[in-house]
**Student:** 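Here's a structure for you.
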Amino acid sequence: MDKQNRKAIIAGNWKMNKTPTEAGFLLDDLIPQVEYANCEVVCCVPATDLAVAIAKCAGTNVHVGAQNVHFEKAGAYTGEISADMLADLGVEYVVVGHSERRQYFAETDETVNKRAKAALAAGLKPIICVGESLAQREQGVTEELVRMQVKIALGGVSAEQLKNVVIAYEPVWAIGTGRTATADQAQEVCAAIRKVVGELYGEDAARGLTVQYGGSMNAENAAELLAKPDVDGGLIGGASLKADQFAVIVDAATKG
Ligand code: PEP
C-alpha cells in the first residue's frame, strides 16, 4: 500500500485553548470549510470541550479526539479520564505521549505504551507522538531514539490493533517554536518510523500505517511537508486554532 492508498489524517491539537463556548464557534467556522476534504479531519480538543465538539461534529466529516487518556480502567485516580469514558462519549481518537505531556507531566515511554494499549482496548485510535529534542538531534541520535520510542509504545499491541494506530513524528524543537523540520528531515524520520514498524509487524502493516508530521506545520509549509512519500498527514497545534488556516492544511493533504 503506498501513500495514495493510506489514510491521510490532519489532526488539530487545540492544547489548553478554547472554552466550550469558543470551541462551538471554532467548529461552526471550520466544519463548512472542510466538508469536501479527501482526508480524515480530526480535532483533538480539551476534555471540557469534548461534549460540545461531539454534538457539533455529529453528521459531519470532522472526527473528535481527546488529548490524553489514563491507562487504568477505573478507580481512585482523581482528575483522570479513562478510555471507556472517552469512548462512551463518542470520542474516536486520542493523542498519546505528546512531548508537552512528557515534559510537564512526567510521561514516559512506558506510560505512553500503557495509555496506547488502554485506548486500543476501548476502541479508540491513539495518535502516538514521538520525537527528539534539539540536543538529541545535534547528538545524531534522532533515528535510534525514535525507533526506541516506537518500539516501546507498541509493546503488546497486536497486528490487528496496529490498524487503529497513528504515529506522529513531532520533533520537540519544532513544536510551538515556529521552527519547522525541513520536508526532507520530516520524510527521513517518518520513513524510519515506517521501517521499524515493518520490522515489528511486517512490510504490509508498515505500508498501511499513517505517519504524521507535527511541529509548526502551517498554511504556508503544509503542502511541501505533506507531499513527501512517508508523510501521511499532520498533527497541528497553533494553526488548528484558526479555521481558515487549518482548512488550507486539510486542502494541502487532499492534494498531497
Ligand atoms: C502540537 O501541539 O502537536 C504541535 C505540533 O504544535 P504546533 O503546530 O503549534 O507546533
Side-chain angles (χ1 to χ4, degrees), residues 8-18 22-23 26 30 34 39-47 49-50 53 63-69 91 93-105 107 112 115-116 119 125-134 136-137 142 145-146 149-150 153 165-183 185-187 189-190 193 210-226 228 230-253 256:
I9 303 176
I10 297 296
N13 173 19
W14 291 9
K15 313 197 190 201
M16 196 175 72
N17 292 294
K18 305 294 175 188
E22 292 166 341
L26 177 52
L30 178 69
V34 296
C39 63
E40 185 116 319
V41 182
V42 184
C43 290
C44 298
V45 307
D49 295 351
L50 286 169
H63 303 254
V64 177
Q67 298 175 8
N68 189 26
V69 60
V91 171
Y93 287 85
V94 60
V95 178
V96 172
H98 191 280
S99 65
E100 287 153 14
R101 296 216 60 88
R102 293 178 190 253
Q103 186 178 353
Y104 305 128
F105 302 101
E107 191 82 78
V112 169
R115 290 180 209 279
K125 298 171 187 163
I127 300 175
I128 300 173
C129 302
V130 296
E132 81 289 2
S133 66
L134 187 56
Q136 289 161 336
R137 173 160 283 269
T142 298
L145 181 95
V146 167
Q149 289 175 329
V150 169
V165 170
V166 177
I167 298 187
Y169 166 53
E170 295 216 304
V172 179
W173 48 271
I175 297 177
T177 59
R179 193 176 158 191
T180 318
T182 64
Q185 287 171 327
Q187 163 60 24
V189 184
C190 289
I193 291 171
T210 297
V211 183
Q212 300 174 312
Y213 166 78
S216 298
M217 190 185 276
N218 58 39
E220 284 74 45
N221 60 30
E224 192 187 352
L225 288 157
L226 293 167
K228 288 293 176 184
D230 285 290
V231 180
D232 304 313
L235 183 57
I236 294 110
S240 69
L241 297 171
K242 302 212 172 72
D244 44 356
Q245 284 195 27
F246 192 61
V248 171
I249 300 172
V250 167
D251 197 39

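Position 1 is the first residue of the sequence, and the numbers go up from there. Numbering of ligands and ligand atoms starts at 1, following listing order. Quick caveat: nothing in here was measured; it's all calculated off a predicted structure.
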**Student:** Mark up the atoms of ligand 1 that fall under 4.0 Å of a heavy atom belonging to G176, in ascending order.
**Tutor:** 7 (P), 9 (O), 10 (O)
**Student:** Please find the pair of heavy atoms, one from L225 and one from A181, that lie closest to each other, and give the distance.
**Tutor:** CD2-O, 3.8 Å
**Student:** Heavy-atom contacts with S216 under 4.0 Å: which atoms of ligand 1 show up? List them by number with element.
**Tutor:** 7 (P), 8 (O), 10 (O)
**Student:** Considering heavy atoms of the protein only, find what lies nearest to atom 4 (C) of ligand 1 and give residue, atom and distance to 0.1 Å.
**Tutor:** G237 N, 3.5 Å
**Student:** Below 4.0 angstrom from a heavy atom of G215, which ligand 1 atoms are there? Numbered from 1 as shown, please.
**Tutor:** 5 (C), 10 (O)
**Student:** Can you tell which part of I175 has a heavy atom less than 4.0 Å from ligand 1: side chain, backbone, both or neither?
**Tutor:** both
**Student:** Just wondering, do V130 and V150 contact through their side chains at under 4.5 Å, heavy atoms?
**Tutor:** yes
**Student:** Grab the two heavy atoms, one from I128 and one from A116, that are nearest each other, plus how far apart they are.
**Tutor:** CD1-CB, 3.8 Å
**Student:** Select one of side chain, backbone, both or neither to describe which atoms of A174 lie under 4.0 Å from any atom of ligand 1, heavy atoms only.
**Tutor:** backbone
**Student:** Write out the residue and atom name of the closest protein heavy atom to atom 1 (C) of ligand 1, then the distance separating them to 0.1 Å.
**Tutor:** H98 NE2, 3.2 Å
**Student:** Would you check the N or O atoms of E170, main chain and side chain alike, for any that come under 3.5 Å of an N or O of ligand 1?
**Tutor:** yes
**Student:** Which ligand 1 atoms does G238 reach within 4.0 Å, using its non-hydrogen atoms?
**Tutor:** 7 (P), 8 (O), 9 (O)
**Student:** In ligand 1, which numbered atoms sit nearer than 4.0 Å to a non-hydrogen atom of G214?
**Tutor:** 5 (C)
**Student:** Within the structure, does I236 bring an N/O atom to less than 3.5 angstrom of an N/O atom in ligand 1?
**Tutor:** no
**Student:** At their closest point, which heavy atom of V112 faces which heavy atom of R102, and how far apart are they?
**Tutor:** CG2-NH2, 3.8 Å
**Student:** Side chains of V94 and R115: closer than 4.5 Å at any heavy-atom pair?
**Tutor:** no
**Student:** Please indicate whether Q136 has more than 12 foreign heavy atoms, meaning atoms of other residues, nucleotides or ligands, lying under 6.0 Å from its CD.
**Tutor:** yes
**Student:** Which atom names give the shortest non-hydrogen contact between E100 and F105, and what distance separates them?
**Tutor:** O-CD1, 3.8 Å
**Student:** From Y93 OH over to L235 CG, what is the distance, rounded to the nearest 0.5 angstrom?
**Tutor:** 12.0 Å
